[in-house]
Trainee: 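After the structure tokens below, expect a handful of questions from me.
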Amino acid sequence: MEATTVKAFAAEAADKALKQTEIKRRVVGETDIEIDILYCGVCHSDLHTARNDWGGTVYPAVPGHEIVGKVTKVGNKVTKLKVGDFAAVGCLVDSCRTCSSCQQDLEQYCLNGFTGTYNGKDKHIGGTTFGGYSEKVIVAEHFVLKVPPNLDLAATAPLLCAGITTWSPLRHWKVGKDSKVAVIGLGGLGHMAIKLAKGLGAEVTLFSRTTSKQKDALDLGADKVVISTDDGQMKSVSGQFDVIIDTVPYIHDVNPYIATLNISGTLVLVGYLGGLEPILNTVPMILGRKSVAGSLIGGIAETQEMLDFCGKHNIVSEIEIIKMQEINEAYERMLKSDVKYRFVIDMASLKNQ
Ligand code: NAP
Ligand code: ZN
Ligand code: ZN
């Protein structure tokens with residue numbers, strides 16, 4: 001059997017706009033699921049990858065790891081889903097499945113390296129994995145998720161990255177109804193962090209740079225908004241939070257937020273990758289047993305747990321649907337924080353092209 005060719009949108013270099021192209025998808029193996037992609041969310045990581053912000057992007061790069069679609073083919077050993085079911089794929093499409101991380105359902109920390117949905121090493125047909133800005137994807141069933149039937153499909157897509165990336169630290173640091181949580185940055189991840197922390201029963205505060213998103217944050221369920229550029233407001237929440245989820249994508253001063261952690265509190269970085277500047281002052285950390293941590297997406301079982309929780313509590317993302325052809329403009333708007341609060345591509349726009 002031959003690999004199939006499908007339409008996709010790709011970046012051909014860091015400084016080039018994304019444009020339509022064709023890519024190959026592998027033959028459906030006996031434990032594989034073929035998904036006709038209906039919607040794909042637009043994550044800030046897509047932009048970082050397309051523009052090689054982190055280094056290591058292999059071109060052409062087809063981003064997209066918030067995928068929701070319909071099953072169109074299954075291998076003869078597949079039991080999880082059948083043709084016609086709705087299915088979802090997040091940031092992972094493979095891992096070794098034998099190392100200690102994989103055996104603990106922590107595929108994202110696979111000691112032998114997970115395979116990312118895009119810009120990973122394609123073990124099947126060689127080259128690089130291509131993401132959800134495409135018509136179809138073929139994924140091993142272990143890495144395919146079930147979509148709760150009551151949720152809006154397009155608004156479910158962002159749960160596959162923005163949702164799980166904030167859910168995993170909330171669960172790891174045992175957030176519940178007695179917790180005080182703060183979220184830094186109201187974007188894709190930030191708005192999901194508010195909804196999920198509220199869903200878990202926590203009291204939630206948003207740190208945002210300006211007052212422009214204040215009303216939205218309260219509408220999303222935040223109990224309070226603190227403007228991070230206002231020293232007086234920052235002082236007013238000194239020593240308060242058990243967990244802070246920091247979603248800021250670019251270098252920023254973390255020290256003022258450490259002051260707002262409670263004794264034994266933890267600030268979890270999920271956005272910025274790299275060295276911190278100004279340097280982290282350990283004095284308040286030592287004097288208050290405070291931690292600064294990091295967290296990467298979530299494992300497959302935890303992603304299904306998050307989707308099921310969202311199904312039960314009717315939690316989805318706030319989205320603006322765009323056409324595939326509008327992706328370059330969407331990236332520019334994302335850089336200006338002009339998105340409420342996640343772009344989702346309607347893949348019919350690519351198929352009908
Ligand atoms: P996004 O929608 O662009 O949101 C980021 C938010 O951060 C903005 O809305 C803004 O909120 C704030 N912000 C932006 N630039 C800032 C700056 N220079 N200083 C301070 N605040 C700033 O991005 P996203 O999709 O949520 O992704 C956030 C980051 O997480 C990205 O770097 C992405 O690559 C990363 N990510 C990590 C993981 C993981 O597994 N760890 C998974 C997915 C994404 P305000 O306007 O409210 O201040
Ligand atoms: Zn992402
Ligand atoms: Zn592994």
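Remember, it's 1-based here, ligands and their atoms both numbered in the order they're listed. The structure displayed is predicted, hence computed values, not measured ones.
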Trainee: Parallel, tilted or perpendicular: which describes the rings of W167 and F309, with under 30° parallel and over 60° perpendicular?
Mentor: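 Because their plane-to-plane angle lies in the 30° to 60° range, the rings of W167 and F309 count as tilted.
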
Trainee: For ligand 1, which is the ligand I care about here, please tell me if H252 has any N or O atom under 3.5 Å from one of the ligand's N or O atoms.
Mentor: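 The answer is no, given that H252 and ligand 1 share no N or O pair closer than 3.5 Å.
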
Trainee: My understanding is that only one of E135, Q325, K7, K323 makes a side chain to side chain donor-acceptor pair (under 3.5 Å) with Q353; could you say which?
Mentor: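 The side chain to side chain donor-acceptor pair (under 3.5 Å) with Q353 is passed solely by Q325 among E135, Q325, K7, K323.
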
Trainee: Counting from 1, what ligand 1 atoms have a heavy atom of C161 closer than 4.0 Å?
Mentor: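 With C161 as reference, the close atoms of ligand 1 come out as 42 (C), 43 (C).
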
Trainee: Kindly confirm whether the Zn ion (ligand 2) is within less than 2.8 Å of some N/O/S atom in C43?
Mentor: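 An N, O or S atom of C43 is closer than 2.8 Å to the Zn ion (ligand 2), so yes.
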
Trainee: Measure from atom 5 (C) of ligand 1 to every heavy atom in G185, P249, C91 and give the option owning the shortest one.
Mentor: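 That would be P249.
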
Trainee: Please confirm whether G188 comes within less than 3.5 Å of ligand 1 when only nitrogen or oxygen atoms on both sides are compared.
Mentor: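 Between G188 and ligand 1 (N or O atoms, distance only) the closest approach is under 3.5 Å.
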
Trainee: Any atoms of ligand 1 less than 4.0 Å from a non-hydrogen atom of C43? List them with their elements.
Mentor: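 What qualifies from ligand 1 is 43 (C), 44 (C).
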
Trainee: Of Q108, R209, E66, which has the heavy atom at the shortest distance from atom 22 (C) of ligand 1?
Mentor: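 Minimum heavy-atom distance to atom 22 (C) of ligand 1 goes to R209.
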
Trainee: Which of the numbered atoms in ligand 1 are under 4.0 angstrom from any heavy atom belonging to W54?
Mentor: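 Close to W54: 34 (O).
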
Trainee: Does an N or O anywhere in L189 fall below 3.5 Å from an N or O of ligand 1?
Mentor: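 In this structure, L189 places an N or O atom under 3.5 Å from an N or O of ligand 1.
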
Trainee: Examine S45 against ligand 1 and note whether any of their N/O atoms are separated by less than 3.5 Å.
Mentor: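 So ligand 1 has an N or O lying under 3.5 Å from an N or O of S45.
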
Trainee: Share the residues that join I125 in a hydrophobic cluster, the rule being Ile, Leu, Val, Met, Phe, Trp or Tyr side chains under 4.5 Å apart at the heavy-atom level.
Mentor: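 Its cluster partners, ordered by chain and number, are none at all.
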
Trainee: Does V339 come within less than 4.0 angstrom of ligand 1, counting non-hydrogen atoms of the residue?
Mentor: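 Not so, V339 does not reach ligand 1.
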
Trainee: The Zn ion (ligand 2) to C91: any N/O/S contact under 2.8 Å?
Mentor: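 Checking C91: none of its N, O or S atoms is under 2.8 Å.
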
Trainee: Does any N/O atom on F207 come nearer than 3.5 Å to any N/O atom on ligand 1?
Mentor: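 Between F207 and ligand 1, no N or O pair is found under 3.5 Å apart.
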
Trainee: Quick one: look at L296 and ligand 1, take heavy-atom pairs under 4.0 Å, and tell me if it's side chain, backbone, both or neither.
Mentor: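 Both backbone and side chain.
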
